[in-house]
S.K.: 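Mind looking over this structure? Questions follow.
These figures come from a predicted structure and were not determined experimentally.
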Amino acid sequence: MTTLVCTGASDAATLATPATRTLPYATYPSFSSYVRARQPVLLRTARSLTANPCDAEDLLQTALTKTYVAWDRIEDHRALDGYVRRALLNTRTSQWRKRKVDEFTCDELPEPEPVPGGDDPAERQALHDAMWRAIMRLPARQRAMVVLRYYEDLSEAQTAEVLGVSVGTVKSAVSRALGKLREDPELEPVR
């Protein structure tokens with residue numbers, strides 16, 4: 001046996017054919033005119049109950065379906081807005097209560113596995129700060145050569161040209177500076 005489902009006032013009118021007059025569906029032109037007149041206001045109310053406009057439209061359709069089913073029992077049609085608002089609120093509350101909760105309690109908090117090569121940003125910042133403190137302890141000339149060579153990414157010839165010294169001076173000064181940085185006690189945990 002096939003069960004006919006009424007999804008709206010227009011469907012109810014098509015269901016009320018001579019073959020289906022025994023079904024408990026009736027046509028309510030007053031319901032159709034009410035929906036046409038009050039839909040924008042009711043939709044705004046539904047949107048205030050949900051974050052998603054599509055969910056608001058679904059919520060309104062569900063509330064209007066409940067209103068349509070109860071149309072015969074509603075005595076005071078001047079209070080329809082209140083009835084529909086209550087249906088909206090009750091439907092939304094039911095949806096909220098039925099939602100699936102994906103949280104589970106456990107004895108231990110799961111910790112993500114450390115990613116190889118992906119260090120902690122706080123540790124990176126601490127290393128960056130320690131490196132700058134170590135560079136600031138270098139003599140001014142060595143500090144300038146290290147900064148130009150490794151932070152500004154200049155070649156040895158370009159560094160020599162900027163500082164007005166020979167390429168050999170840059171090589172030897174940078175070598176001594178890197179030796180001092182390797183021996184710096186603050187940078188030892190990095191090694």
S.K.: Might you point out which heavy atoms bring Arg92 and Leu59 nearest each other, and give the distance in Å?
M.R.: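 So the two residues come closest at N-CD1, 3.7 Å.
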
S.K.: Which residues pass the side-chain contact (heavy atoms from CB on, under 4.5 Å) test with Arg38, not counting sequence neighbours?
M.R.: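 Applying side-chain contact (heavy atoms from CB on, under 4.5 Å) to Arg38 gives Tyr34, Val41, Leu42, Asp81.
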
S.K.: Check side-chain contact (heavy atoms from CB on, under 4.5 Å) between Arg36 and all other residues, then give those that pass, not counting sequence neighbours.
M.R.: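 So Arg36 forms a side-chain contact (heavy atoms from CB on, under 4.5 Å) with Ser32, Ser33.
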
S.K.: Can you run down the side chain to side chain donor-acceptor pair (under 3.5 Å) pairs that involve residues 47-59, sequence neighbours left out, and say none if there aren't any?
M.R.: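 Listed by first then second residue: nothing to list.
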
S.K.: Would you check, one step at a time, whether the test side-chain contact (heavy atoms from CB on, under 4.5 Å) holds for Gln125 with Asp129?
M.R.: CA-CA 6 Å; Gln125 185 63 42; Asp129 293 343; 3.0 Å; yes

S.K.: Which atom pairs, donor and acceptor, lie under 3.5 Å between side-chain atoms of residues 136-143 and protein residues at least two apart or in another chain?
M.R.:
unit_1	atom_1	unit_2	atom_2	d
Arg137	NE	Asp184	OD2	3.4
Arg137	NH1	Glu186	OE1	3.4
Arg137	NH2	Asp184	OD1	3.0
Arg137	NH2	Asp184	OD2	2.7
Arg137	NH2	Glu186	OE1	3.2
Arg143	NH1	Met136	O	3.0
Arg143	NH1	Leu138	O	3.0

S.K.: Listing request: all ring-ring contact (aromatic ring centres under 6.0 Å, His included) pairs with a residue in residues 151-176, at least two apart in sequence or in separate chains.
M.R.: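 ring-ring contact (aromatic ring centres under 6.0 Å, His included) check on residues 151-176 returns Trp132-Tyr151.
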
S.K.: Would a single hydrophobic cluster contain both Val69 and Leu80, if residues Ile, Leu, Val, Met, Phe, Trp and Tyr are joined by side-chain heavy-atom contacts under 4.5 Å?
M.R.: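 The answer is no; the residues belong to distinct hydrophobic clusters.
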
S.K.: Please check if any side-chain donor atom of Tyr28 sits under 3.5 Å from a side-chain acceptor atom of Asp72, or the reverse.
M.R.: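 Yes, a side-chain donor-acceptor pair sits under 3.5 Å.
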
S.K.: May I have the step-by-step check of side-chain contact (heavy atoms from CB on, under 4.5 Å) for Leu64 and Phe31, ending in yes or no?
M.R.: CA-CA 9 Å; Leu64 288 174; Phe31 176 79; 4.3 Å; yes

S.K.: At what distance, to the nearest 0.5 angstrom, does CG of Asn90 lie from OG1 of Thr62?
M.R.: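 One finds 12.5 Å between CG of Asn90 and OG1 of Thr62.
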
S.K.: I want to check something: taking the side chain as every heavy atom from C-beta on, are Thr67 and Ile74 in contact at a cut-off of under 4.5 Å?
M.R.: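 A side-chain contact under 4.5 Å exists here.
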
S.K.: Suppose the criterion is ring-ring contact (aromatic ring centres under 6.0 Å, His included): which pairs have a residue in residues 154-175, not counting sequence neighbours?
M.R.: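 Checked against ring-ring contact (aromatic ring centres under 6.0 Å, His included) - neighbours excluded - no pair reaches residues 154-175.
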
S.K.: Just to verify, what does Thr91 make a side-chain hydrogen bond (donor to acceptor under 3.5 Å, both in side chains) with, not counting sequence neighbours?
M.R.: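 Residues passing side-chain hydrogen bond (donor to acceptor under 3.5 Å, both in side chains) with Thr91: Lys66.
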
S.K.: Roughly how far, to the nearest 0.5 Å, is the CZ atom of Arg86 from the CG atom of Leu88?
M.R.: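 Nearest 0.5 Å value for the CG-CZ distance: 10.5 Å.
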
S.K.: Among all residues two or more places apart in sequence or in another chain, which pass the side-chain contact (heavy atoms from CB on, under 4.5 Å) test with Glu75?
M.R.: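 So Glu75 forms no side-chain contact (heavy atoms from CB on, under 4.5 Å) with any residue.
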
S.K.: Shortest non-hydrogen contact from Ala134 to Leu181?
M.R.: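 Minimum heavy-atom separation between Ala134 and Leu181: CB-CD2, 3.7 Å.
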
S.K.: Which residue pairs satisfy the side chain to side chain donor-acceptor pair (under 3.5 Å) criterion with at least one member in residues 154-169, sequence neighbours excluded?
M.R.: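 Sorted pair list: Ser155-Gln158, Ser166-Thr169.
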
S.K.: Can you give me the closest heavy-atom contact between Leu60 and Ala46, atom names plus distance?
M.R.: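 Scanning both residues, the minimum pair turns out to be CB-CB, 4.3 Å.
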
S.K.: Sequence neighbours excluded, which residues qualify as salt bridge (charged side-chain N to carboxylate O under 4.0 Å, His left out) partners of Asp153?
M.R.: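 Counting only residues at least two positions away or on another chain, Asp153 forms no salt bridge (charged side-chain N to carboxylate O under 4.0 Å, His left out).
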
S.K.: Does a side-chain heavy-atom distance below 4.5 Å link Tyr150 with Ile135?
M.R.: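 Of all side-chain heavy-atom pairs linking Ile135 with Tyr150, none is under 4.5 Å.
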
S.K.: Using side-chain contact (heavy atoms from CB on, under 4.5 Å) as the criterion, list what pairs up with Ala126, not counting sequence neighbours.
M.R.: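 Not a single residue meets the side-chain contact (heavy atoms from CB on, under 4.5 Å) criterion with Ala126.
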
S.K.: Once side-chain hydrogen bond (donor to acceptor under 3.5 Å, both in side chains) is applied, do any residues pair with Ser175, and if so which ones, sequence neighbours excluded?
M.R.: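 Result, side-chain hydrogen bond (donor to acceptor under 3.5 Å, both in side chains) vs Ser175: none returned.
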
S.K.: What's the separation between atom CG in Leu187 and atom CZ in Arg133, rounded to the nearest 0.5 Å?
M.R.: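 CZ of Arg133 is found 9.0 Å from CG of Leu187.
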
S.K.: Out of curiosity, does Val162 fall in the hydrophobic cluster containing Met145 (side-chain heavy atoms, cut-off under 4.5 Å, transitive links)?
M.R.: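 Yes.
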
